[in-house]
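Questions regarding the structure given below will be posed in turn.
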Amino acid sequence: MNSALALQIMRFGFLALLWLFVFGAIRVIRSDLRTSGQPRIATPPARKGRARSVAPPAGRGPSQLIVTEGSLQGTRIGLTGAPVLIGRADDSTLVLTDDYASTRHARITMQDGMWVVEDLGSTNGTYLGQRKLDGPVPMEVGVPLRIGKTVLELR
């Protein structure tokens with residue numbers, strides 16, 4: 001009788017562990033799909049490893065975002081005032097194939113006449129110079145922005 005009771009307890013324990021695993025997997029998937037409540041860029045999807053080309057803005061100030069290190073080195077993105085979404089998602093402005101980048105990793109937007117970068121809750125973080133971002137931070141020309149193995153600069 002003891003062995004039957006022990007077997008039944010082991011079955012329930014295994015079932016409980018299985019459900020914990022399922023709930024954990026669902027939690028990870030939901031957090032990866034979450035976009036921090038931010039709207040998507042309403043443009044057609046880019047192909048992996050490519051950046052959409054857009055015309056630079058008229059006037060002074062930085063006009064390009066340039067990839068200086070990583071698999072997309074040399075890629076240039078013209079800054080028009082529209083937000084630049086960076087990540088592994090196919091609908092990102094700059095689609096990274098970097099394993100250390102999140103699906104929706106970071107966003108660069110124009111605020112009060114200056115470009116501001118914000119981490120979108122990425123797993124590995126976004127670094128501007130030596131600083132890990134914890135909120136929106138103004139970008140300066142020539143200061144490296146690191147997302148995984150990819151480094152970008154505002155020029």
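The chain is numbered in sequence order, starting from 1.
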Closest approach of Ser71 to Thr97 (non-hydrogen atoms, all atoms of both residues):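 Taking Ser71 first and Thr97 second, the nearest heavy atoms are OG-OG1, 3.5 Å.
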
Trace of the side-chain contact (heavy atoms from CB on, under 4.5 Å) decision for Val67 with Leu94: CA-CA 10 Å; Val67 179; Leu94 180 62; 4.0 Å; yes

Reported OG1-to-CD1 distance for the pair Thr93 and Ile108, which is rounded to 0.5 angstrom: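 The CD1 atom of Ile108 is 9.0 Å from OG1 of Thr93, to the nearest 0.5 Å.
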
Rounded distance (nearest 0.5 Å) linking atom CZ of Phe12 with atom CG of Leu17: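 The CZ atom of Phe12 sits 14.0 Å away from the CG atom of Leu17.
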
Nearest heavy atoms of Ile66 and Arg76, plus distance in Å: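 Result for this residue pair: CD1-NH1, 3.1 Å.
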
Separation between CG of Leu15 and CG of Leu20, rounded to the nearest 0.5 Å: 10.0 Å

Derivation and outcome, side-chain contact (heavy atoms from CB on, under 4.5 Å), residues Ser92 and Ile86: CA-CA 6 Å; Ser92 297; Ile86 303 168; 6.0 Å; no

N/O donor to acceptor pairs below 3.5 angstrom from side-chain atoms of residues 123-147, sequence neighbours left out:
| unit_1 | atom_1 | unit_2 | atom_2 | d |
| --- | --- | --- | --- | --- |
| Asn124 | ND2 | Tyr100 | O | 3.0 |
| Thr126 | OG1 | His105 | NE2 | 3.1 |
| Thr126 | OG1 | Asp119 | OD1 | 2.5 |

Common cluster, Met110/Val117, ILVMFWY with side-chain heavy-atom separation under 4.5 Å: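 Same hydrophobic cluster.
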
Donor-acceptor under 3.5 Å (Arg107 side chain, Glu118 main chain): no

Contacts under 3.5 angstrom, residues 148-155 side chains, donor-acceptor by atom type, not counting sequence neighbours:
| unit_1 | atom_1 | unit_2 | atom_2 | d |
| --- | --- | --- | --- | --- |
| Glu153 | OE1 | Arg155 | NE | 3.2 |
| Glu153 | OE1 | Arg155 | NH2 | 3.0 |

Closest non-hydrogen atom pair, Thr109 against Pro83: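 Nearest pair, atom of Thr109 first, then Pro83: CG2-CB, 3.8 Å.
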
Reported CG-to-OG1 distance for the pair Leu65 and Thr68, which is rounded to 0.5 angstrom: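 The distance works out to 9.5 Å.
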
Contact summary for Leu79 and Pro62, nearest pair of heavy atoms: CD1-O, 4.3 Å

Test item: Thr103 side-chain N/O and Ala89 main-chain N/O as donor-acceptor pair under 3.5 Å: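 Not a single qualifying donor-acceptor pair exists.
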
Rounded distance [0.5 Å steps], CG in Leu72 versus CG in Asp98: 9.0 Å

